[in-house]
Amino acid sequence: MLREYWEETWQKLQAPTVSQDVLEKLIRAYSSPHRFYHNLTHIEDCFTIFEQAKSLATHPEEIELAIWFHDAVYDPRGSANEQKSAEWAQFVINQSGLGNAIVERVSRLILATRHNAKLKDRDAQILIDVDLSILGREEDTFWRYEENIRKEYAWVPESLFRQKRVEILRSFLNRQHIYHLDEYRERFEARARANLMQAIARLENVTRAV
C-alpha cells in the first residue's frame, strides 16, 4: 500500500523524474530498530487519517510528500530532526525536477511538525491534525503510543522523562483547540483531552509516589 501511495503522489505531481532508491532509503530509515512509534506504521496511519480531509487541502500531493518525509530523520537525542527531514525532502524534490514553489511549501509543512507555532496555512493545519490524531484514539491505541514513546527515550532517566513528558502533554491540553479542522475536532478532540488528562495524572501520581 505504501509503495502505491508513493508512486501515485509523484505521478499526480507530474514529476519529470524520481530516483528509484529514495523510497528504499525512506523505508530503511523508518525501519530503524530504535523506532517504536515513528516508523512505517505511523506513516501508513497518517495516510489513512489524511483521507478524511484530503478534499479540503489546497495541495494534497504536497501534504502526502510531507507525510513521507516529516519523520524521515528521527534521532531522539537530537533537536534538528524536522530541519534535517525538510532538507532531505528539499533535495529529493529538487532532484525530481519539480519547481521551487513545491520545494518551499513541502519544507514549510515538515517544519510545522515541530508543533511550536500557530498555523494559518490550511495545508499545514491538516498535516498537524493528522500527526496529532494519535492523541485522540481509543485508550488501548493511545497507551500503546505512550509506551512506544517511552521506549524511544529509554536512555532518559525515569524521573526526568516523566517531568518532560508531562510538560509536552500539558502543552497540547492547554490549547483552546488541539485540532484545527472541524472534521478532526469532531472525531478526536474530546477523546484526546480525556487521554491527555489521564496520561498526565498517571505520570504525576507515580512521580509523587516516588
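Worth knowing before you read on, the calculation uses all heavy atoms, side chains too, and leaves out hydrogens, waters and symmetry mates.
For the pair Arg35 and Tyr30, the cation-pi test (distance below 6.0 Å, angle within 45°) is passed. Both tests do not hold together for Arg137 against Tyr145: distance to the six-membered ring centre under 6.0 Å, angle to the ring axis within 45°.
A salt bridge is absent between Glu138 and Arg191: the closest approach of a Lys/Arg side-chain nitrogen to an acidic carboxylate oxygen does not fall below 4.0 angstrom. Salt bridge status for Lys54 with Glu51: present, with a side-chain N to carboxylate O gap under 4.0 Å.
Every side chain to side chain contact (heavy atoms under 4.5 Å, CB included) that His42 has, sequence neighbours left out, goes to Tyr37, Asn39, Cys46, His70, Asp71, Asp131. Shown here are the side chain to side chain contact (heavy atoms under 4.5 Å, CB included) partners of Glu183, two or more places apart in sequence or in another chain: Gln52, Leu56, Leu181.
Other residues, nucleotides and ligands contribute only 12 or fewer heavy atoms inside 6.0 Å of the CZ atom of Phe91. Heavy-atom neighbours of Lys164 NZ from other residues, nucleotides or ligands within 6.0 Å: at or below the threshold of 12. Atom CD of Glu24 sits in a crowded spot, with more than 12 heavy atoms from other residues, nucleotides or ligands closer than 6.0 Å.
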Subject >> Ser107/Gln90 under side-chain hydrogen bond (donor to acceptor under 3.5 Å, both in side chains): CA gap, chis, key distance, verdict >> reply: CA-CA 7 Å; Ser107 179; Gln90 290 169 6; 2.7 Å; yes
Original post:
Given the rule in the salt bridge (Lys or Arg N to Asp or Glu O under 4.0 Å) test, do Glu204 and Arg170 qualify, once you have shown the distances and angles that lead to the verdict?
Top reply: CA-CA 11 Å; Glu204 290 184 332; Arg170 196 178 295 283; 2.7 Å; yes
Subject >> side chain to side chain contact (heavy atoms under 4.5 Å, CB included) assessment of Leu65 paired with Leu13 >> reply: CA-CA 10 Å; Leu65 282 184; Leu13 285 168; 3.5 Å; yes
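The main-chain N or O of Asp182 is never found under 3.5 Å from a side-chain atom of His177 such that the two would form a donor-acceptor pair.
The shortest distance between side-chain heavy atoms of Tyr184 and His180 does not fall below 4.5 Å.
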